Amino acid sequence: MGLPDRHIIIVGAGIVGASIAYHLANRGVKVTVLDQNHPASGATGSSFGWIHSTVSEDAPDVLLRRASVADWHRLEKEVPELWLHWAGALSYDSDTLASQAKEKMLEQADIARLEPALNTPPPRAYFAKQDGAVDPIDATCVLLEKACSLGAVLKTQTPVLGFTREGNAITGVETPQGTFNADCVVLACGTGISPLLSAMAISLPVSASPAILLRYGTPDRAINTLLSGDDMEVRHARNGDILAAEDYPATGGIDEIASDALTAITRRLKGTGSARLLCQSVGQRPVPEDKCPVMGFISEVTGLYVAVMHPAVTCAATVGRMVSEELIGGNSSEIPASYRPARFSNPKLK
Ligand SMILES: Cc1cc2nc3c(=O)[nH]c(=O)nc-3n(C[C@H](O)[C@H](O)[C@H](O)COP(=O)(O)OP(=O)(O)OC[C@H]3O[C@@H](n4cnc5c(N)ncnc54)[C@H](O)[C@@H]3O)c2cc1C
């Protein structure tokens, strides 16, 4: 079957599904994206949007993170409607201070030049000047619109309930709106992946890890880069609002977290005294049980592919490229064996 005749269904219209849909449609593949709600209604809708490429050499996602910046730069050239902000990230949290070599650190005077609004800049910080930020909701919608302009079809409010199969081959998906046939189904539905697979007795554990996104209105810009410390993780959104990402509290007191984050912002940053909380949301980050990205065909059946990882906004441009190349060109040697889903059914492959 020629490429234009192949039909690929992507389940999930988050940043991962949108990127895969765009990359496939751009190569002439017939694509249908199905989402149970609407684009970016999962973790992507609450994401902070840091393109965070700094990671240790032995981290499971090092390959994707190291490639992420170049792939996002490529993508913004291909799709000029995308908005990315490349101003670097300044980290002074205790993990970064402990893991980065002293000679790589900026001193207080350099930090003050980079971020003049900081009250009492930290004595040392690591500056990842290649890092950037993207509005994850906007990027998801732009990539899907681009995919649709290239012939893809997006169906919202369409939950995938199960699969149709002929013997061992997956031939499509079942939804309340009927059956959709496909030559291949890609599961890019985050925390929705495990229940869909477990209904076929296939184990692929993806846990839901909650985190909070806070948005504060402020009249003036106070941050040039993206700031990440133990006290706060903040950047400006495109419209000037301050975005903050916070861990979900064990006790569940989100209002307290929002208030503490605002206190940290106003204490740390000059000119933010009148900042006010505009909204808060909790997103469930899909995290594979072993923290390693999952990319590849499910070995128990044919025609079923999975793509899930954390942090997926960082990795999405690279994942879209790699997955589309594999689906079009066949098994890719660029994707390491440790990312393959078979490791969950055959632990010897880990
Ligand atoms: C507060 C917060 C801050 C974050 N900050 C960052 C950051 O700075 N950088 C970064 O890289 N990452 C960050 N992340 C993580 C990042 O947001 C996620 O890794 C990413 O959004 C996951 O994208 P996804 O497309 O895999 O999943 P999702 O965005 O969860 O999308 C899955 C989609 O699948 C749909 N779906 C599920 N089940 C079904 C089904 N059965 N049928 C049809 N549709 C289905 C859902 O409706 C959803 O739209 C953050 C997350 C949070 C919550």
Side-chain angles (χ1 to χ4, degrees), residues 9-21 32-55 61 64-65 68-69 72 89 131-137 139-141 143-144 154-163 173-177 180 185-199 206-215 226 228 233-235 243-248 254 257 261 280-288 291 293-295 306-320 323:
I9 284 179
I10 298 171
V11 185
I15 191 72
V16 173
S19 179
I20 296 171
T32 302
V33 183
L34 306 176
D35 198 285
Q36 62 189 3
N37 293 316
H38 53 82
S41 55
T44 302
S46 299
S47 186
F48 183 58
W50 180 358
I51 299 172
H52 188 181
S53 67
T54 308
V55 70
D61 57 357
L64 297 179
R65 290 236 217 169
S68 64
V69 169
W72 273 111
D131 280 9
V134 61
D135 177 340
I137 299 178
T140 301
C141 294
L143 290 171
L144 286 170
L154 168 67
K155 292 203 173 288
T156 58
Q157 308 294 330
T158 309
V160 168
L161 307 173
F163 304 94
V173 296
E174 284 165 348
T175 79
Q177 287 91 317
F180 291 81
V185 175
V186 177
L187 297 182
C189 50
T191 56
I193 291 171
S194 302
L196 279 175
L197 289 177
S198 67
V206 177
S207 59
S209 162
I212 308 169
L213 184 71
L214 304 158
R215 182 179 279 264
L226 180 156
S228 178
E233 188 168 286
V234 289
R235 70 176 180 90
L243 299 177
E246 293 288 336
D247 290 333
Y248 193 82
I254 299 174
I257 293 284
Q280 60 194 44
S281 61
V282 177
Q284 300 291 342
R285 297 170 293 186
V287 183
K291 310 275 190 291
V294 187
M295 292 163 71
V306 179
V308 60
M309 72 287 311
H310 176 73
V313 172
T314 300
C315 304
T318 305
V319 169
V323 170

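Every value quoted in this text rests on a predicted model; they were computed, and no experiment measured them. We count ligands from 1, going down the list as the structure has it; atoms in each ligand are counted the same way. Scope of the values below: all heavy atoms of this structure, side chains included, with no hydrogens, waters or symmetry mates.
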Compute the shortest N/O to N/O distance between [X] and ligand 1 and return yes if it is under 3.5 Å, no if not.
| X | value |
| --- | --- |
| Val11 | no |
| Trp50 | yes |
| Val160 | yes |
| Leu196 | no |
| Ile15 | yes |

(message) So for Thr140, does at least one of its heavy atoms come nearer than 4.0 angstrom to any atom of ligand 1?
(response)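 It does not, in that no heavy atom of Thr140 comes within the 4.0 Å cut-off of ligand 1.
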(message) For His310, state whether at least one heavy atom is located under 4.0 Å from any atom of ligand 1.
(response) yes
If you take the nearest heavy atom of each of [options], which one is closest to [atom]?
| atom | options | value |
| --- | --- | --- |
| atom 16 (C) of ligand 1 | Ala89, Ala40, Ser47, Pro210 | Ser47 |
| atom 35 (C) of ligand 1 | Asp35, Thr44, Leu161 | Asp35 |
| atom 45 (C) of ligand 1 | Gln36, Gln280, His38, Glu233 | Gln36 |
| atom 27 (O) of ligand 1 | Pro286, Gly17, Gly42 | Pro286 |
| atom 28 (P) of ligand 1 | Ser41, Ala43, Ser281, Gly190 | Ala43 |

(request) Please round to the nearest 0.5 Å and tell me the distance separating atom CD1 of Ile51 and atom CG of Leu226. (result) 10.5 Å
(request) First locate atom CG of Asp131, then atom OG1 of Thr54, and finally report the distance between them rounded to the nearest 0.5 Å. (result)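 Going from the CG atom of Asp131 to the OG1 atom of Thr54 covers 4.5 Å.
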(request) Among all protein heavy atoms, pick the one closest to atom 3 (C) of ligand 1 and tell me residue, atom and distance. (result)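 It is Phe48 N, 3.4 Å.
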(message) Students should be able to answer this: which protein heavy-atom is nearest to atom 24 (P) of ligand 1, and at what distance?
(response) Val16 CG2, 3.9 Å
(request) For the pair Trp50 and Phe48, name the ring-plane relationship: parallel under 30°, tilted 30 to 60°, perpendicular over 60°. (result) perpendicular
(request) With sequence neighbours excluded, tell me which residues meet ring-ring contact (aromatic ring centres under 6.0 Å, His included) with His310. (result) none
(message) With no hydrogens and no angle check, just 3.5 Å: does a side-chain donor-acceptor pair link Thr156 and Asp35?
(response)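 Asp35 and Thr156 do not have a side-chain donor-acceptor pair below 3.5 Å.
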Mark up the atoms of ligand 1 that fall under 4.0 Å of a heavy atom belonging to [X], in ascending order.
| X | value |
| --- | --- |
| Thr314 | 9 (N), 10 (C), 11 (O) |
| Gly14 | 25 (O), 29 (O), 31 (O) |
| Gly192 | 38 (N) |
| Ser46 | 1 (C), 2 (C), 3 (C), 52 (C), 53 (C) |
| Gly49 | 7 (C), 8 (O) |
| Ala312 | 11 (O), 19 (O), 20 (C), 22 (C), 23 (O) |
| Leu213 | 1 (C) |
| Thr158 | 43 (C) |

(message) Heavy atoms only, cut-off 4.0 Å: how does Val282 contact ligand 1, side chain, backbone, both, or neither?
(response)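 No part of Val282 is near ligand 1 at this cut-off.
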(message) Heavy-atom count check: over 12 atoms from other residues, nucleotides or ligands less than 6.0 Å from Asn37 CG?
(response)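 For Asn37, atom CG is crowded (more than 12 foreign heavy atoms under 6.0 Å).
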Examine distances only and state if a side-chain atom of [X] and a backbone atom of [Y] form a donor-acceptor pair shorter than 3.5 Å.
| X | Y | result |
| --- | --- | --- |
| Gln284 | Gly190 | no |
| Arg235 | Ala89 | no |
| Thr44 | Ile15 | yes |
| Ser19 | Ala316 | yes |
| Arg65 | His52 | yes |
| Ser207 | Val287 | yes |

(request) Carefully, step by step, assess Leu196 and Phe163 under the rule side-chain contact (heavy atoms from CB on, under 4.5 Å). (result) CA-CA 9 Å; Leu196 279 175; Phe163 304 94; 4.2 Å; yes
(request) State which residues pass side chain to side chain donor-acceptor pair (under 3.5 Å) with Gln36; sequence neighbours excluded, sorted by chain then number. (result)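 Per chain and number, Gln36 pairs via side chain to side chain donor-acceptor pair (under 3.5 Å) with no residue.
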